[in-house]
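Inspection log for the structure reproduced underneath, given as structure tokens.
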Amino acid sequence: MFAMLMTGRRRRRWLAVLLMGILIGAIGHAVLAPMQGQVLARQTTKVQAPAQQAPAAQVKPAADLAALAAEIETIKGKLPDQSHAMQDVGYHFTNLWFAGQKENWDLANFYWSETRSHLRWAVRIIPIRKDNAGKEVDLPHILEAVENSPLKQLQEAIVAKDTTAFDKAYRFMVESCYACHKAADKPYLRPRIPDAPEVHVIGFEPKADWPQ
């Protein structure tokens, strides 16, 4: 009987310990599970954050490029075309003839320089043109030939103050301009020796009193 009682007491003690262990485990799980969830959530956020932020980071450069492209198109629409630059070439080249005829060599040198400068400007605007057959016309190459021959001869005549050489070089330049126009399938643009200056406010006489 005593032995059975002791066995019953041990069984109850063992059950009490077991229940206590189960209770502690349950309490521990209830406390630790939310904390583990928070840690896991923070780790997941850290891992996923770059992936979530990547699209936003990519959208901004794309938007910047689109805005830049639109701004470039706006600027291009405001730039002068090649015909505008060639109109300036005609203005300076015409006045160059009369400056040379009056032997106003300083003025002739000015208009010669402006003629060359605006020819270069025109070529920068459209360096390659296409003829009616679709063949490319290399304007920089043509301009290089013009600068090395007729334009160079004009400058040499101006420096030498040689009216005869100036007249010959100027006519050679007119012929070279027309050859360029024909190469671009624009033979109807026929330059010629001008009969009147483009400017009326500038005096061409080299020693004229000023103001007149």
Side-chain angles (χ1 to χ4, degrees), residues 64-202 204:
D64 290 344
L65 288 175
L68 180 60
E71 185 175 354
I72 291 174
E73 288 300 317
T74 300
I75 294 173
K76 286 169 62 177
K78 296 179 180 180
L79 293 176
D81 57 16
Q82 192 174 60
S83 62
H84 180 99
M86 288 305 299
Q87 184 179 12
D88 287 349
V89 170
Y91 173 89
H92 294 296
F93 189 58
T94 296
N95 293 330
L96 171 59
W97 170 255
F98 291 97
Q101 293 304 300
K102 294 294 184 179
E103 298 185 348
N104 189 343
W105 302 115
D106 289 337
L107 185 61
N109 185 63
F110 169 78
Y111 282 124
W112 175 88
S113 179
E114 290 299 312
T115 298
R116 183 184 63 172
S117 173
H118 285 77
L119 279 170
R120 290 177 174 179
W121 180 30
V123 169
R124 285 197 301 271
I125 293 174
I126 303 180
I128 304 294
R129 297 191 70 96
K130 289 187 177 181
D131 60 16
N132 294 335
K135 182 180 178 181
E136 291 186 348
V137 180
D138 189 345
L139 296 184
H141 180 73
I142 294 176
L143 179 58
E144 182 180 5
V146 169
E147 288 191 353
N148 290 334
S149 191
L151 262 181
K152 183 179 180 181
Q153 292 179 26
L154 260 175
Q155 184 186 37
E156 291 172 348
I158 292 170
V159 171
K161 301 180 180 180
D162 187 332
T163 305
T164 302
F166 175 87
D167 183 90
K168 181 179 178 180
Y170 192 94
R171 293 178 187 276
F172 182 24
M173 182 67 185
V174 171
E175 295 171 2
S176 299
C177 290
Y178 189 44
C180 179
H181 294 173
K182 289 190 292 184
D185 275 338
K186 291 179 172 54
Y188 44 81
L189 296 176
R190 294 186 293 272
R192 62 184 179 86
I193 302 299
D195 54 15
E198 287 286 350
V199 62
H200 300 286
V201 73
I202 299 296
F204 288 92

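Counting begins at 1 with the first residue of the sequence.
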Is it the case that the side chains of Arg116 and Gln155 hold a donor-acceptor pair, with the cut-off being a distance below 3.5 Å and no angle test?
no

Would you confirm whether His118, through its side chain, and Glu114, through its main-chain N or O, come within 3.5 Å as a donor-acceptor pair?
yes

How far apart are the closest heavy atoms of Gln82 and Ala122, and which atoms are they?
NE2-O, 2.9 Å

Calculate, to the nearest 0.5 Å, the distance between atoms CZ and SG belonging to Arg192 and Cys177 respectively.
14.0 Å

What is the distance from atom CD of Glu175 to atom OH of Tyr178, rounded to the nearest 0.5 Å?
11.5 Å

Asn104 (side chain) donor-acceptor with Gly100 (main chain) under 3.5 angstrom
no

Has Gln87 got more than 12 heavy atoms of other residues, nucleotides or ligands less than 6.0 Å from its CD?
no

Which atom of Val174 lies closest to which atom of Pro191, heavy atoms considered
CG1-O, 3.5 Å

Please report the shortest heavy-atom distance between Pro197 and Phe98, naming the atom on each side.
N-CE1, 3.2 Å

Between His92 and Tyr111, how do the two ring planes meet: parallel, tilted or perpendicular, split at 30° and 60°?
tilted

Please tell me if the side chains of Met173 and Val146 come closer than 4.5 Å, counting only heavy atoms from C-beta onward.
yes

Interatomic distance, Glu144 atom CD to Arg120 atom CZ [nearest 0.5 angstrom]:
10.5 Å

Side-chain touch Phe172/Ser149, heavy atoms, less than 4.5 angstrom:
yes

Heavy atoms only: give me the nearest Thr115-Phe93 pair and the separation to one decimal.
OG1-N, 3.4 Å

For the residue pair Tyr170 and Trp97, does the interplanar ring angle fall in the parallel (under 30°), tilted (30 to 60°) or perpendicular (over 60°) class?
tilted

Would you name the heavy atoms of Pro127 and Pro140 that are closest together and state the gap between them?
O-CD, 2.9 Å

Could I get the full list of salt bridge (charged side-chain N to carboxylate O under 4.0 Å, His left out) partners for Arg171, not counting sequence neighbours?
Asp167

How far apart are the C-alpha atoms of Met86 and Val89, what are their side-chain angles, what is the distance that settles it, and do they pass the side chain to side chain contact (heavy atoms under 4.5 Å, CB included) test?
CA-CA 5 Å; Met86 288 305 299; Val89 170; 4.1 Å; yes

To the nearest 0.5 Å, tell me how far Leu107 CG sits from Asn95 CG.
7.5 Å

Spacing of CG belonging to Asp162 relative to CH2 belonging to Trp105, to within rounding of 0.5 Å:
7.0 Å

Can you name the nearest heavy-atom pair linking Thr94 to Ala196, along with the distance?
CG2-O, 3.4 Å

Taking the side chain as C-beta and beyond, is there a heavy-atom pair between Leu96 and Phe166 under 4.5 Å?
yes

When you compare the side chain of Val137 with that of Ile142, does any pair of heavy atoms fall below 4.5 Å?
yes

In this structure, CG of Leu119 is separated from CG of Leu143 (nearest 0.5 Å) by 6.0 Å

Check whether any side-chain heavy atom of Val199 sits under 4.5 Å from a side-chain heavy atom of Phe204, and report yes or no.
yes

